[in-house]
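Everything below concerns the one structure shown next.
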Amino acid sequence: MTTAGMQRANFWGGVITVLTILFALIWAFPLYWGVISSLKPEDEVVRPYIELWPENLTFSHYYTAIYDTQIVTWYINSIAVAVGVTVITIATSMLCGYALSQLKFPGRKALWWLILASFMVPTQALIINHFVLTSQLGLINTWAGIMLPQLIHPVIIIVYKQFFDQLPKDFREAAVMDNAGEFRILFKIYLPMNWGVTTALSIVTFIWTWNAFLWPFLSVTKTEMMTVPVGITQVNDAFGVYYARQLAAAVLAGLPVALAYLLFQRKVTEAITLSAGIKG
């Protein structure tokens, strides 16, 4: 490459870097503003001008959110629901993906096309059916009632099927010759080779479930059974319009997801890439 070409490449590289930083700051500013506002006294939050740093730093809103609400109970509910949904979803999706990829059984193609077609049905269109069935089963205001409609994620089944499709057939043939059963082939041979995919999908499923609002909001009427995203809406009812307290509760609600993303950023990105590739 000539000197002029290298200079042009460096120039446009610098422009792209500056724009990337600018857009990142624009994206991150509302998060910064929410955290900083939660550390301000209420009278500073409602001032008509912008202050980028608290004049009087206070953690009283976090104390109020923790000790004057049921946020600890909401955390327990969210953790139980998110872990339960993640474990069951990953296990069933793996089994389904393996069966669709490796086994021959009647209705296999019909089941596969049904899973693909499920992308055409928005979840919101099934809310009424879910609510009626959950109510008839007596599962309103229970962990099971919150979890059941969230247990099926077609994209995870498809990702697993594609992964199993790409594995060499030699592994399965060798295991069958050794009289290995299907569960042994899956858990002793295939699963160790896809721990990366399983970990990535587990993290993203946990985040999806933790952030879910619509269905937990509809399926729970008792405050003590609410998950964190639903429960923090009750802070307004309890205290009136106190923005700093609401923001403190919102920060506490999003903290586990933010930590999970920071700790497992590469795996989350990998899972999102896999999901986007399937949907695209």
Side-chain angles (χ1 to χ4, degrees), residues 24 27-32 34-35 38 65 71-94 96-97 115 118-119 122-124 126-127 130 143-163 191 194-220 225-233 235 246-280:
W27 177 87
F29 181 77
L31 301 179
Y32 170 81
V35 173
S38 68
I71 194 168
V72 175
T73 302
W74 301 336
Y75 260 99
I76 295 173
N77 294 336
S78 287
I79 292 172
V81 170
V83 171
V85 169
T86 300
V87 172
I88 297 174
T89 298
I90 294 300
T92 55
S93 297
M94 184 189 305
C96 185
I115 293 172
S118 64
F119 282 110
T123 304
Q124 292 78 1
L126 304 174
I127 287 294
H130 289 164
W143 286 350
I146 302 174
M147 291 168 58
L148 284 176
Q150 303 184 73
L151 292 179
I152 299 178
H153 292 281
V155 65
I156 299 180
I157 298 174
I158 297 173
V159 169
Y160 270 121
K161 181 183 180 302
Q162 287 200 338
F163 174 83
L191 181 58
N194 75 346
W195 273 123
V197 174
T198 298
T199 303
L201 294 176
S202 298
I203 295 169
V204 172
T205 303
F206 182 89
I207 293 175
W208 285 345
T209 308
W210 182 279
N211 288 333
F213 177 82
L214 180 58
W215 175 247
F217 176 76
L218 295 175
S219 62
V220 173
M225 290 304 301
M226 292 179 176
T227 58
V228 171
V230 179
I232 61 175
T233 64
V235 176
Q246 292 176 332
L247 288 170
V251 170
L252 290 174
L255 186 60
V257 173
L259 292 177
Y261 180 79
L262 291 175
L263 292 174
F264 305 103
Q265 183 177 1
R266 181 176 298 178
K267 293 297 182 182
V268 173
T269 304
E270 178 183 345
I272 293 175
T273 302
L274 291 171
S275 302
I278 295 298
K279 293 181 180 180

Exercise for review: Decide yes or no for Pro216 and Gln150: does some side-chain heavy atom of the first lie under 4.5 Å from some side-chain heavy atom of the second?
Suggested key: yes

Exercise for review: Find out whether Leu191 and Met94 are in side-chain contact, i.e. whether some heavy atom of one side chain is under 4.5 Å from a heavy atom of the other.
Suggested key: yes

Identify the heavy atoms of [X] and [Y] that sit nearest to each other, and give their distance.
{"X": "Val251", "Y": "Gly34", "answer": "CG2-O, 4.4 Å"}
{"X": "Gly145", "Y": "Trp215", "answer": "O-NE1, 3.0 Å"}
{"X": "Thr205", "Y": "Leu201", "answer": "OG1-O, 2.7 Å"}

Review point. How are the rings of Phe217 and Phe213 set relative to one another: parallel (under 30°), tilted (30 to 60°) or perpendicular (over 60°)?
Key: parallel

Check your understanding: In terms of the angle between their ring planes, are Trp208 and His153 parallel, tilted or perpendicular, with boundaries placed at 30° and 60°?
Key -> tilted

Please tabulate, for the side chains in residues 76-83, all donor-acceptor contacts under 3.5 angstrom to protein atoms that are two or more places apart in sequence or on a different chain.
residue : atom : partner : partner atom : Å
Asn77   : OD1  : Trp143  : NE1          : 3.0
Asn77   : ND2  : Thr73   : O            : 3.3
Asn77   : ND2  : Glu224  : O            : 2.9
Asn77   : ND2  : Met226  : O            : 2.9
Ser78   : OG   : Trp74   : O            : 3.2
Ser78   : OG   : Val228  : N            : 2.8

Check your understanding: Does Ile90 offer a backbone N or O that forms a donor-acceptor pair with the side chain of Ser93 under 3.5 Å?
Key -> no

Point to revise | Flag, side chain of Thr89 to backbone of Thr86, donor-acceptor distance under 3.5 Å | key: no

Practice item. Applying side chain to side chain contact (heavy atoms under 4.5 Å, CB included), name anything that partners Ala91, two or more places apart in sequence or on another chain. Key: none

Practice item. Kindly compute the distance separating CD1 (Ile203) from OG1 (Thr198), expressed to the nearest 0.5 Å. Key: 11.0 Å

Review point. If you measure from CD1 on Ile127 to CG on Leu218, what distance do you get to the nearest 0.5 Å?
Key: 6.0 Å

Exercise for review: Begin from the C-alpha positions of Thr227 and Trp210 and carry the test side chain to side chain contact (heavy atoms under 4.5 Å, CB included) through to its verdict.
Suggested key: CA-CA 8 Å; Thr227 58; Trp210 182 279; over 6 Å; no

Practice item. Given side chain to side chain contact (heavy atoms under 4.5 Å, CB included), test Phe163 with Val159 step by step and report yes or no. Key: CA-CA 6 Å; Phe163 174 83; Val159 169; 5.6 Å; no

Exercise for review: Give the intermediate values and the outcome of side chain to side chain contact (heavy atoms under 4.5 Å, CB included) for residues Leu151 and Leu148.
Suggested key: CA-CA 6 Å; Leu151 292 179; Leu148 284 176; 3.7 Å; yes

Point to revise | Criterion side chain to side chain contact (heavy atoms under 4.5 Å, CB included) on Val220 and Val230, from CA distance to verdict | key: CA-CA 9 Å; Val220 173; Val230 179; 5.8 Å; no

